[in-house]
Amino acid sequence: MTATASPQTTVLAEQRIDGPGRPAKHRMSGKALRWQIGLYVLLIVLAVIYIYPFLVQVATSFKTDAAAAADPISLAPQPFTWAAYERLFLNSDFPVWFGNSVVVTLFVTAGRVFFNSLAGYALARLQFRGRGVVFAALIAVMAVPSVVLLIPKFLVINQLGMYDSYAGMILPLLVDAAGVFIMKNFFESIPPSVEEQARIDGAGTFRIFWSVVLPMARPALITIVILSFQGSWNELSHFVISTQSPELTTLTKGVAALASGQLSQGSQFPLKLAAAAIMTIPVAVVFFIFQRRIMNASEGAVKE
């Protein structure tokens, strides 16, 4: 008597032949596997090319001046020294530059989050005469290169008596057109029914904005935080036309003078690259912290 294999037995046999958990029809072909490996190799090469200058920057900051001039692209400091960082923090105005940048960046970031949200909510929800004109002007400002506005900005700052002060450094940066545009588009994506329910409960316009709508805009707010922190920390042209006192020099302005050779003699590669490496740390930390918040943020507020 001959035993006949059932269809289920045949399928199990095919799976055992092709490997556990990988049926023949789902097994990757050799050509597709080679393409995938080649793609990964290409991405790794591009990543190395992109990150190599940063690695050179960090490695050179731990070299001596002679070693940096002799072999500027080597990743192995010979000898290894902290001399550049010691000189920056103990024998230069670098701590003053760093403190000024921290103060300006914190105030500008907080101001942009608040005022961009207010302006974006007004353009998205409030009905007032000339709203379309205001939004068109906002788009026009985004299209104008910032360098074109430097002279008018200087004239306004000087006329208002804010030149060479923290007020002149901070107040003109508290609102940016791109941030308002981002917040407006996000607020328009929130269902109006949420605000209608709060309005029925007796909440006013600002209460609805602050307690109901703003907490729902967390992904957009985090985006504004990242862009504002990065933009104000790396800002240079505005600080050039708004200050002249050494006590108000920021990191970007000081490091630019250092890199141009105004503050030292010789190449001073370790000193310049050490200052540049320290500048990148706060922006990188803020970006990686809030990037996870953006990826994990959930949208949606009301069950229809």
Return the orientation label for the Trp82 and Phe80 ring planes: parallel under 30°, perpendicular over 60°, tilted otherwise. perpendicular
Side chains of residues 42-55: which donor-acceptor partners sit under 3.5 Å, not counting sequence neighbours?
residue	atom	partner	partner atom	Å
Tyr52	OH	Ile73	O	2.8

Judged by atom type as modelled, is there a donor-acceptor pair below 3.5 Å linking the side chain of Ser165 to the main-chain atoms of Met162? yes
With ring centroids as reference points, do Trp97 and Phe239 lie under 6.0 angstrom apart? no
Kindly write out the residues that satisfy salt bridge (Lys or Arg N to Asp or Glu O under 4.0 Å) with Lys184, not counting sequence neighbours, or none if the list is empty. Glu188
Under the criterion side chain to side chain contact (heavy atoms under 4.5 Å, CB included), which of Val225, Ile226, Leu227 is the partner of Thr223? Leu227
So Asn100 and Thr250, side-chain hydrogen bond (donor to acceptor under 3.5 Å, both in side chains) or not? Walk me through it. CA-CA 5 Å; Asn100 289 332; Thr250 58; over 6 Å; no
Hey, is the main chain of Leu123 close enough, under 3.5 Å, to the side chain of Arg131 for a donor-acceptor pair? yes
With a 3.5 Å distance limit and no angle check, can you tell me whether Thr249 reaches the backbone of Pro246 through a side-chain donor-acceptor pair? yes
Check: Phe229 ring centroid to Phe287 ring centroid under 6.0 Å: no
Taking Asp164 for the side chain and Ser245 for the main chain, is one N or O donor matched with an acceptor at less than 3.5 Å? yes
List for me each residue that meets side-chain hydrogen bond (donor to acceptor under 3.5 Å, both in side chains) alongside Ser92, sequence neighbours excluded, and say none if there are none. none
For Leu149, check side-chain contact (heavy atoms from CB on, under 4.5 Å) against everything at least two apart and list the hits. Val144
Has Trp233 got a side-chain atom pairing as donor or acceptor with Met279's backbone, closer than 3.5 angstrom? yes
Does Tyr163 have its ring centroid less than 6.0 Å away from the ring centroid of Phe154? yes
Shortest non-hydrogen contact from Leu221 toward Ser117: CD2-OG, 3.3 Å
Let's go through Ser61 and Lys272 carefully: what are the C-alpha distance in whole Å and the side-chain angles of both, what is the deciding distance for side-chain hydrogen bond (donor to acceptor under 3.5 Å, both in side chains) to 0.1 Å, and is it a yes or a no? CA-CA 8 Å; Ser61 67; Lys272 298 173 183 178; over 6 Å; no
When you measure from the side chain of Thr60 to the backbone of Gln57, do you find a donor-acceptor pair of N or O atoms at a distance under 3.5 Å? no
Could you go through the ring pair (Phe, Tyr, Trp, His ring centres under 6.0 Å) check for Tyr85 and Phe62 one step at a time? CA-CA 8 Å; Tyr85 292 94; Phe62 294 105; 5.2 Å; yes
Has His238 got a side-chain atom pairing as donor or acceptor with Gly168's backbone, closer than 3.5 angstrom? yes
Backbone of Ser146 reached by a side-chain donor or acceptor of Lys153 within 3.5 Å: no
Restricting to side-chain hydrogen bond (donor to acceptor under 3.5 Å, both in side chains), what partner residues turn up for Glu195, sequence neighbours left out? Tyr121, Arg125
Minimum heavy-atom distance Ala220-Met183, with the two atoms named: CB-SD, 3.8 Å
Side-chain donor/acceptor of Thr252 to backbone N/O of Asn234, under 3.5 Å: no
Name the atoms and distances for all side-chain donor-acceptor pairs under 3.5 Å in residues 133-141, with sequence neighbours left out.
none

